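Chain identifiers are assigned alphabetically (A, B, ...) following the order of the sequence lines, protein sequences preceding nucleic acid strands; residue numbering begins at 1 within each chain. All of these numbers come straight from a predicted model, not from anything done at the bench. Values below: all heavy atoms of this structure, side chains included; hydrogens, waters and symmetry mates excluded.
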Protein chains: 2
Amino acid sequence: MADVAEKAGVSRALVSIVFRNQPGASEETRQRVLRVADEIGYRPDNAARLLARGRSRTIGVMFTVHQTFHTDLIEGIYPEAERLGYDVLLSAAAEGRSEAKAVEALLAHRCEALILLGSDAEAAYLDELGRRAVTVSVSRRVPQARVDFVHSAEGKGVRLAMDHLVELGHRRIVHIDGGRGPGSAERRRAYRAAMRRHGLESEARVIPGEHTEESGIETGRLLLAERDQGLPLPTAVLAGNDRCAMGVLMAMTRGGVEVPRDLSVVGYDDSHLSHLMPIGLTTVRQDARLMAEYAVRFAVERLEKPELEPREAVLDSKLVVRGTSGPAPEAAR
Amino acid sequence: MADVAEKAGVSRALVSIVFRNQPGASEETRQRVLRVADEIGYRPDNAARLLARGRSRTIGVMFTVHQTFHTDLIEGIYPEAERLGYDVLLSAAAEGRSEAKAVEALLAHRCEALILLGSDAEAAYLDELGRRAVTVSVSRRVPQARVDFVHSAEGKGVRLAMDHLVELGHRRIVHIDGGRGPGSAERRRAYRAAMRRHGLESEARVIPGEHTEESGIETGRLLLAERDQGLPLPTAVLAGNDRCAMGVLMAMTRGGVEVPRDLSVVGYDDSHLSHLMPIGLTTVRQDARLMAEYAVRFAVERLEKPELEPREAVLDSKLVVRGTSGPAPEAAR
DNA sequence: TACTCGCACTAGAGCGCGCTAGTAGAGCGC
DNA sequence: GCGCTCTACTAGCGCGCTCTAGTGCGAGTA
């Protein structure tokens, strides 16, 4: 920076002004400074900048590798953050790298706000985070914690899916839940309520699971094993999310069950995956773009008005009917 | 830091020593400092640290959102970087956020090394990056640029896939290439060579494409349209990567073509996707873990010995036969 | 003429650390 | 007693920037 200043015949302060795009420099000097900077390959050091400024204007995003819905969200976070003049730092949770570790990395980089995609942290930890930095939890709702929430209308999504299945004549509908995963509790509850509402209470069955393909495969195998022991196969499966649904599809198809003739499968997320199945996955659509925008906006607004109370955005869900859902087999109606 | 020092009754320097895990503090003092720090919620500021130290010990990783193979790689990068004492920063390229933009963000954060996952930048740009920072290109080989390369044996992978198809009796094998995507040139070349070697030169056909599902779908539709005009459908498709293969599968299945009875499809990457298809995608396996480890190691080694010349690692490829490849239809043999 | 104002620009403190050069004191051999 | 080494600790500079409080100057105003 000093080199640029000297070569352009101005002070360092002026160079700073130019690079911050602030008023206080004549157009002529501005151009000269930029030209000189370009010549000697100068670019401002973010770390020093951040340090001097006292503010980082950086939003940290924690996501989980392999969660395709998260990448959908990330895609929406970048442009909105940029529009509002914020930088984005990504940190992934993965096998061997816990969510807490990923978050620590973000905090060490002095992110002012955290956006947690599908966190499965405990309420106390979330609350602590929320007090340490502006925090937005996407997909996961933990009312006890001092954080903003952005999620879709889980209840509505499940209700739409269940109505669709019941309308197709299904009665033996099982739900594979997402364990402690984001949204799981709400979806489970909504499933039970829907079964009750349709008078299918006695058929209701929640199989514990996770938001992974493996979990779907496992559950698929379990159901096949039950069938081989003479128990009836369900005619429809409402999976905890798309990945789990894909796992179910895979296990079932391998086991000779034809979808959707013998079995209907409904996912949740409308992540990138849903389009991939040759026949298309029937799923509940969450508007990733909109969720991302809300998350960023919540964070920024609370950053700029710290006295604001955390808020909650519940975005609409829609059912997207594709190829994996069809009429229940006559025999099972 | 000053607060911690005061409360613990030591100097700032001593606190610094404790947090850097350096010798020069008694075990007793160390514990006391750490306890006090925890009490007042102090954690070192990465930016200041980086600034004072002059080195960031940070590796920047550029990846493309939705490229599932990239998330496989990221999962391998974290532990290896941690093992070697480096921090990792992620920056995603996405629609509306170019690769260059993602890289700039990393450089502004003073990453000492860049790992580019499947870059499709021009040679000149890569070379420039390579001179500005230690750069490792994964999957993409650009010998003219001063960067390290880590990729798998594309030639071998394609050869294995082609031998497999030919052995199954396929003759009309088309290749959808990946445009300027990483590895595409090598795969294309290897495809042509394999066709020649098997005396199928006259059947060789490369359809321009991309490494996306959309491209696969498009190509699938193209082939179906050709069929409807009376042209023969190929009996096998070697896609540019798994995503493209998924697209082909989807388009074809929708068009009433049964896989693998009427058509065999082979992908490339063995990314997470490959397991997802109900019948499993036959694909060429690249060892993501190993590639990630090599990438990090190359970066770190060159960071610590700047006089080192850039190197190249070519990792073995394997064919993973799953459900999407089968014997060619009798009529086409 | 004396003044105010706005514009272009500058001096220099300070952001939170790391690091070098140093000190103080204990232990040791001679 | 002296010098020596070793351990535990400290003073204070400087990393590359931002930002506040200025300075100097020409134009406009009373």
So what does B:Arg43 touch, heavy atoms closer than 4.0 Å: a base, only the sugar-phosphate, or nothing?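 Sugar-phosphate: the residue B:Arg43, judged by heavy atoms under 4.0 Å, touches backbone atoms but no base.
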Is the shortest distance from a Lys or Arg side-chain nitrogen in B:Arg141 or B:Glu154 to a carboxylate oxygen in the other one below 4.0 Å?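 Salt bridge absent between B:Arg141 and B:Glu154.
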Using a strict cut-off of less than 4.0 Å between a Lys/Arg side-chain nitrogen and an Asp/Glu carboxylate oxygen, indicate whether A:Arg83 and A:Glu80 qualify as a salt bridge.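 Judged by the 4.0 Å cut-off on N to carboxylate O distance, A:Arg83 and A:Glu80 do form a salt bridge.
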Can you list, by residue number, the residues of residues 103-112 of chain B that have a non-hydrogen atom closer than 4.0 angstrom to DNA chain C?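 None - not one residue of the stretch has a heavy atom sitting under 4.0 Å from the strand.
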Can you pull the salt bridge (charged side-chain N to carboxylate O under 4.0 Å, His left out) pairs that have at least one residue in residues 47-67 of chain A, sequence neighbours excluded?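 Listed once each, the pairs are A:Arg55-A:Glu112.
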Sequence neighbours left out, what pairs pass salt bridge (charged side-chain N to carboxylate O under 4.0 Å, His left out) with at least one residue falling in residues 6-30 of chain B?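 Checked against salt bridge (charged side-chain N to carboxylate O under 4.0 Å, His left out) - neighbours excluded - the pairs reaching residues 6-30 of chain B are B:Lys7-B:Glu39.
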Looking at [X] and [Y], what are the two nearest heavy atoms and their distance?
X	Y	result
B:Leu73	B:Ala288	CD2-O, 3.5 Å
B:Ala25	B:Ile17	CB-CG2, 4.2 Å
A:Val138	A:Ala295	CG2-CB, 3.8 Å

Just the rounded figure in Å: distance from [atom2] of [N] to [atom1] of [X].
X	N	atom1	atom2	answer
B:Leu14	C:dC19	CG	C1'	14 Å
B:Arg53	C:dT20	CZ	P	13 Å
B:Asp45	C:dG18	CG	C1'	13 Å

If you take any heavy atom closer than 4.0 Å to DNA chain D, which residues from residues 22-36 of chain B end up in contact?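 Per residue number, the list reads B:Gly24, B:Ala25, B:Ser26, B:Thr29.
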Chain B on DNA chain D: first and last contacting nucleotide, 5' to 3', under 4.0 Å to a heavy atom?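 Under 4.0 Å from chain B, the extent on DNA chain D is D:dA8 to D:dG16.
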Taking A:Thr68 for the side chain and A:Ser271 for the main chain, is one N or O donor matched with an acceptor at less than 3.5 Å?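 Flag not set: sc A:Thr68 to bb A:Ser271 has no pair under 3.5 Å.
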Under 3.5 Å, is there a donor-acceptor pair between the side chain of A:Arg140 and the main chain of A:Ser119?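 Present.
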Please check if the number of heavy atoms outside B:Gln31 that lie under 6.0 Å from its CD is greater than 12.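 Yes.
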With rounding to the nearest 0.5 Å, note down the distance linking OG1 in A:Thr71 to CG in A:Leu90.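 Taking OG1 in A:Thr71 and CG in A:Leu90, the distance rounds to 10.5 Å.
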What about the rings of B:Phe298 and B:Phe149, do their centers lie closer together than 6.0 Å?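 They do not qualify: ring centres at least 6.0 Å apart.
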Are any of B:Arg12's side-chain N or O atoms less than 4.0 Å away from OP1 or OP2 of C:dG18?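 So the side chain of B:Arg12 is outside the cut-off, no N or O lying under 4.0 Å from OP1 or OP2 of C:dG18.
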Could you give me the stems involving DNA chain C, meaning stretches of three or more consecutive Watson-Crick or G-U wobble pairs whose two defining distances are both below 3.5 Å?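 Stems for DNA chain C, defined as runs of 3 or more consecutive pairs: C:1-30 with D:1-30.
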Closer to the 5' end of DNA chain D via nearest nucleotide, is it A:Ser16 or B:Gly9?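 Nearest nucleotide further toward 5': that of B:Gly9.
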Would you please classify the geometry between the B:Phe63 ring and the A:Phe63 ring as parallel, tilted or perpendicular, with 30° and 60° separating the classes?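 Ring orientation of A:Phe63 relative to B:Phe63: parallel.
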